Amino acid sequence: MIRVLLVDDQPLIRSGFRALLDLEDDIDVVAEAGDGVEALALARRYLPDVALIDVQMPVVDGIEATRRIAADPALAGVHVVILTNYGFDEYVFDALRAGAAGFLVKDIVPEDLLHAVRVAARGDALLAPSITRKLISRYVTQPLTTGTAEALGQLTNREREAVALVAQGLSNDQIADRLLISPMTAKTHINRAMAKLHARDRAQLVVLAYESGLVTPRTNPGTA
């Protein structure tokens with residue numbers, strides 16, 4: 001059973017999402033919150049697998065709530081998916097850096113919402129290649145940092161290659177084809193790299209790859 005926490009300051013939005021999710025046999029909405037402070041308290045109480053969190057909320061917004069959840073070791077199993085009205089905007093970029101596993105636009109079709117919840121619960125990132133291109137575009141005008149450069153030294157050459165391909169938007173199967181390895185081996189390389197870099201998920205791994213300079217905005221951006 002996938003346990004979900006709904007966080008939005010609009011009750012109508014929460015009720016609509018809940019009505020859809022409650023129809024599924026493998027999904028259980030365990031709690032609802034109207035702001036980031038309440039969300040954090042309920043996350044600690046119910047330990048959901050997925051927290052669907054709106055960006056703009058009173059008291060504490062979705063980005064800060066995400067940052068606090070990601071920083072709490074007791075909530076390591078909570079995968080945050082940001083809800084937004086505007087597609088990829090400045091808030092989404094900040095949310096990914098804060099530790100979100102991905103994002104959804106609120107006018108998403110029901111099938112995609114259900115798929116997204118299940119993907120996030122598995123610990124996979126909700127980052128389509130088009131979203132990765134947006135990240136690359138953002139870094140064209142933003143200087144790279146070197147905060148994680150030293151951590152990259154812990155990676156094997158294969159792990160570095162896998163991370164670079166993740167940052168280009170490739171799936172495990174595509175990475176396996178590129179490196180001439182099995183999809184399971186590709187996933188193992190990625191998981192080990194995430195552990196060494198302390199990345200919660202693939203979304204954060206993409207951000208770290210660009211911040212560290214492992215991949216630059218002008219390195220094969222068309223393949224993202």
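Not measured: the values here are computed from a predicted model.
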### Message
Working note: L165 + Q174, criterion side chain to side chain contact (heavy atoms under 4.5 Å, CB included); need CA distance, chi angles, decisive distance, verdict.
### Response
CA-CA 9 Å; L165 294 174; Q174 292 170 323; over 6 Å; no
I need the minimum non-hydrogen distance between [X] and [Y], along with the two atoms involved.
X    : Y    : answer
A209 : V163 : CB-CG1, 4.0 Å
V117 : V50  : O-CG2, 3.6 Å
G99  : A70  : CA-CB, 4.2 Å
A74  : L47  : O-CD2, 3.6 Å
G62  : I53  : CA-CG2, 3.7 Å

### Task
For L12, look at atom CG and say whether over 12 heavy atoms of other residues, nucleotides or ligands are found less than 6.0 Å away.
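Incorrect, the count does not exceed 12.
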### Query
For the side-chain contact (heavy atoms from CB on, under 4.5 Å) test, which of V7, I82, V29, L21 pairs with L52?
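In the set V7, I82, V29, L21, the residue that makes a side-chain contact (heavy atoms from CB on, under 4.5 Å) with L52 is L21.
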State the [atom1]-[atom2] distance between [X] and [Y], to the nearest 0.5 angstrom.
X    : Y    : atom1 : atom2 : answer
D54  : D9   : CG    : CG    : 5.5 Å
L155 : K196 : CG    : NZ    : 6.0 Å
L83  : I13  : CG    : CD1   : 9.0 Å
L5   : I69  : CG    : CD1   : 7.0 Å
H115 : E111 : NE2   : CD    : 12.0 Å
M1   : D26  : CE    : CG    : 7.0 Å

### Pairs touching residues 12-21 that satisfy side chain to side chain donor-acceptor pair (under 3.5 Å), sequence neighbours left out
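Non-adjacent pairs meeting side chain to side chain donor-acceptor pair (under 3.5 Å): R14-E32, R18-D22, R18-E32.
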### Message
I need the full list of side chain to side chain donor-acceptor pair (under 3.5 Å) pairs touching residues 41-53, with sequence neighbours left out, sorted by first then second residue.
### Response
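Residue pairs with at least one partner in residues 41-53: R44-D72.
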### Query
Partners of A199 by side chain to side chain contact (heavy atoms under 4.5 Å, CB included), sequence neighbours excluded?
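Side chain to side chain contact (heavy atoms under 4.5 Å, CB included) list for A199, sorted by chain: M194, Q204, L205, L208.
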### Query
Given side chains that start at C-beta, do those of V78 and P48 come closer than 4.5 Å, heavy atoms only?
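Sidechains of P48 and V78: in contact.
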### Query
Under a 4.5 Å cut-off applied to non-hydrogen side-chain atoms, are I181 and R158 in contact?
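Yes; the side chains approach each other to less than 4.5 Å.
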### Query
Checking side chain to side chain contact (heavy atoms under 4.5 Å, CB included) for the pair D112/L104: CA distance, chi angles, key distance, verdict?
CA-CA 9 Å; D112 288 345; L104 298 174; over 6 Å; no
#### Entry: salt bridge (charged side-chain N to carboxylate O under 4.0 Å, His left out) against R67, all qualifying residues, sequence neighbours excluded
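Expected list: E64.
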### Message
Running the 4.5 Å side-chain criterion over Ile, Leu, Val, Met, Phe, Trp and Tyr, what cluster does V60 land in, apart from itself?
### Response
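ILVMFWY cluster around V60 also holds V37, V59.
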#### Entry: Backbone of I2 reached by a side-chain donor or acceptor of R118 within 3.5 Å
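Checked: no pair found.
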Could you list the donor-acceptor pairs under 3.5 angstrom formed by side chains in residues 183-192, with sequence neighbours left out?
unit_1, atom_1, unit_2, atom_2, d
T185, OG1, S182, OG, 2.8
T188, OG1, M184, O, 3.0
N191, ND2, K187, O, 3.4

